[in-house]
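Okay, structure first, notes after.
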Amino acid sequence: MRILYNSRLSCYKEPFGTLTPGQRCTLHIHIPAQILTKNVFCLLENENGTPAFSVPMEKEKTQGPYEIYKGEFSLPEPGLFFYFFRITTQNESFKLLRQGGEDTNMEMGDRWQLSCIPADFATPDWAKGAVMYQVFPDRFAKLGDSDLTGKLEPYTVHKSWNEEVCWQPTSEGIVLNNDFFGGNFQGITNKMDYIASFGVKILYLNPISKAFSSHRYDTFDYKTPDPMLGTEKDFATLCEAAHQKGIRVVLDGVYSHTGSESIYFDRQGVYGGACSNPDSPYRSWYKFRHYPDSYECWWDFDTLPCIHKLNPNFMAYVIDDADSVVAHWLKLGADGFRLDVVDELPDEFVLRLKRRIRDLKPDALLIGEVWEDASNKVAYGVRRRYFVDGELDSVMNYPFRTAILQFMTGLDNGSGLKEAVMEIAEHYPPQVLSCVMNSLGTHDTPRALTALVDSFEGSRAEKAARRLAPNQRLLAKERLHMASFLQYTLPGVPCLYYGDEAGMEGYADPFNRRPFPWGHEEVDLQEHFRNLGRLKQEFSALQQGNIQFQTASDGHLAFMRQFKNETIWIYVNRTEDRWAIPAGNRVIFGRNVETIASGSLALLPMGFCAVKQENI
């Protein structure tokens, strides 16, 4: 008989997940009576492994073959903790540790995690369970011709919207990323009805500041929009159009590095920046190993010199000044920021930025780019405090993406997806979980259609020429229907990367950044995503509800989302067999579903559905 403890079930731990200071936490552990237990302690450790305190657990009752021990405690202040149990019997003393997600083991295993978050930690209500649409500005839509006066050179503009992106390096082996299609603010504004038709409430734009490259992560001037996109007035008009549709606008904040040719660094000596002028006001922003020809740069790209983020002048410029970078864009109509490579921004910087944007706009949203579990992330030797200090409202939720893709491609039978989802649900504060950014594809990953069927790892030339075969494309579309259903029904904010709803395919950068195929969209996929958007909007359980799995094996998934008096059951059948499921009260969304005898339901192969259960 095993010793029983599962931190995800209320009969063992109450409440589920994170705590706030002073909140009572109750633990129960079920120990076989035959072990002859003498005493039990729950031992809590600080995030660095040092002892925090111990909780004595008293025998509460005997239930069948088990003795149930109970312990209660509270945490005095926010922080990240880990815990395990010490059990002493008449014959021995041993640690009880976590094995996998829900089992226990003696001596071997992991500790359980427990976060204590600030009592006043709140995320914007408008973002909880909202639908997001991500736009790569140069490649989404164009209307009219922008005034290119001041556009940084060299650059090229494609003659046709339907041309292939430039992927070939120069003769020196350098990929310039300086080919433009001319997508602009007016084009995005003109397509606002289209964006809104998918139930979108958040529009996330990749960088818009003046830059050399088409991706614009090599910032030239933080406060000036790229001329190819338009003017500040054009951006303000875009925000007004979005707000009229109930859509908030989130911008990319790129504060770990600038471009080497920027007005701040100025490697060519044109603007009197840090690299060309030792007396430049920006000189202290950068870390020179040997001035001026050797400096710290992002991932060894010498075109992206790193910034000393805690430099007082830099923090004032980006955060504190009356017309700081964040203040500048919020005043023009932005509603929040997504922090690029937030792991490279110190906690002090992130928290200061969060407080500043909240002062300027009390319901501003702050998202961080984190590729792993953000609750316990260690970056550059430092344990990050994204949630225990209330720094971030949301993060990019790549763990869900990985889990969905592995499930859909048969690398996981469902148990891995359940574990990935429940680990994040347990570790993240509930107010963050409702806001996490769930993507199937982004500007940094292969397109969803491609990722669902093809893991080709060839050269850039091969990837440029490679397209899904007709049978692959049919399979990819079938899988995308199911994958996106999971994306929209799991906790968080489903983020639709521009063109995924139109059937775009392609490998990672730059082939995931092709122009939107206006006039050649997959209409059935578009309608599917519009229906998903309506589903997410209509039911609060899908926006903020908790999650409990009933089934996660053999290609079958069944889980419940519940909020207040609303319960939604989600069923997914990835197999080639029919799967009978309970009927519930009303099917509110489905594909490949049929009603069978006695009112029950059956999911056909690759079938899925959402069923609303009326609580009595």
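Values below: all heavy atoms of this structure, side chains included; hydrogens, waters and symmetry mates excluded. Not measured: the values here are computed from a predicted model.
Taking the six-membered ring for Trp and the full ring otherwise, Tyr204 and Tyr133 have centroids separated by 6.0 Å or more. For Trp518 and Phe140, the gap between ring centers is short of 6.0 Å. Phe485 has its ring centre less than 6.0 Å from the ring centre of Phe589.
Aromatic ring pairs are classed by plane angle as parallel below 30°, tilted from 30° to 60° and perpendicular above 60°; the pair Tyr194 and Phe516 is perpendicular. Between His528 and His481, the angle of the ring planes lies from 30° to 60°, which puts this pair in the tilted group. Ring-plane geometry between Trp371 and Tyr398 is classed as parallel, the angle between the planes falling under 30 degrees on a 0 to 90 degree scale with a further cut at 60. Ring geometry for Phe559 against Phe549 counts as tilted: the plane angle lies between 30° and 60°, on a 0 to 90° scale.
The closest donor-acceptor contact from the side chain of Glu240 to the backbone of Thr237 lies at 3.5 Å or more, if one exists at all. Side-chain atoms of Arg591 never come within 3.5 Å of backbone atoms of Phe608 as a donor-acceptor pair (strictly under, hydrogens ignored). Judged purely by atom type and a 3.5 angstrom limit, Glu261 has no side-chain atom pairing as donor or acceptor with the backbone of Leu152. The main-chain N or O of Asn512 is found under 3.5 Å from a side-chain atom of Arg447 such that the two form a donor-acceptor pair. Looking only at distances, a side-chain donor or acceptor of Arg574 sits under 3.5 Å from a matching main-chain atom of Phe407. Within the 3.5 Å criterion, the main-chain N or O of Ile174 finds a donor-acceptor partner in the side chain of Thr170. Judged by distance alone, the side chain of Gln543 and the main-chain N or O of Gly129 form no donor-acceptor pair under 3.5 Å. Side-chain atoms of Asn178 do not come within 3.5 Å of backbone N or O of Ser213 as any donor-acceptor pair. The backbone N or O of Gly545 sits less than 3.5 Å from a side-chain atom of Arg561, completing a donor-acceptor pair. A donor-acceptor contact shorter than 3.5 Å is absent between the side chain of Thr224 and the backbone of Asp221.
With a 6.0 Å cutoff to the six-membered ring centre and a 45° limit on the axis angle, Arg514 does not count as a cation-pi contact of Tyr497.
Of the charged side-chain nitrogens involved, none lies within less than 4.0 Å of a carboxylate oxygen, so that Glu391 and Lys377 do not count as a salt-bridged pair. Salt-bridge check for Glu505 with Arg473: passed, with a basic side-chain N closer than 4.0 Å to an acidic carboxylate O.
Using modelled atom types and a 3.5 Å distance limit, the side chains of Tyr386 and Asp343 yield a donor-acceptor pair.
The salt bridge (Lys or Arg N to Asp or Glu O under 4.0 Å) contacts involving residues 211-220 comprise Arg216-Asp226, where partners must be two or more places apart or lie in separate chains.
Taking the side chain as every heavy atom from C-beta outward, Cys166 and His158 approach each other to under 4.5 Å. Counting only heavy atoms from C-beta outward, the side chains of Ser434 and Thr123 never approach each other to under 4.5 Å. The shortest distance between side-chain heavy atoms of Pro399 and Ile424 falls below 4.5 Å. At a threshold of 4.5 Å between non-hydrogen side-chain atoms, the residues Asn184 and Asp234 do not count as touching. Using a 4.5 Å heavy-atom threshold, the side chains of Lys128 and Asp125 count as touching. Counting heavy atoms from C-beta on, the side chains of Val593 and Leu604 never come closer than 4.5 Å. Between Asp393 and Pro124 there is a side-chain heavy-atom pair separated by less than 4.5 Å. When side chains are defined from C-beta on, Val436 counts as touching Tyr428, because their heavy atoms get closer than 4.5 Å.
Just one residue in the list Gln134, Arg139, Arg513 forms a side chain to side chain donor-acceptor pair (under 3.5 Å) with His443, and that residue is Gln134. For the side chain to side chain contact (heavy atoms under 4.5 Å, CB included) test with Phe235, the passing option among Leu229, Ile208, Thr189 is Ile208; the others fail.
Remark: Asp444 CG is packed, more than 12 non-hydrogen atoms of other residues, nucleotides or ligands lying under 6.0 Å away. In the displayed structure, Phe301 atom CZ is contacted under 6.0 Å by at most 12 heavy atoms of other residues, nucleotides or ligands.
The heavy-atom pair separating Trp298 from Cys306 by the smallest distance is N-SG, 3.3 Å. Taking both residues in full, the closest heavy atoms of Pro494 and Lys536 are given as CD-CE, 3.7 Å, listed atom of the first, atom of the second, then distance. Contact detail for Ala425 and Ile547: the closest heavy-atom pair is CB-CG2, 4.3 Å. Contact record, Cys609 with Val587: CB-CG1, 4.3 Å, taken as the closest heavy-atom pair.
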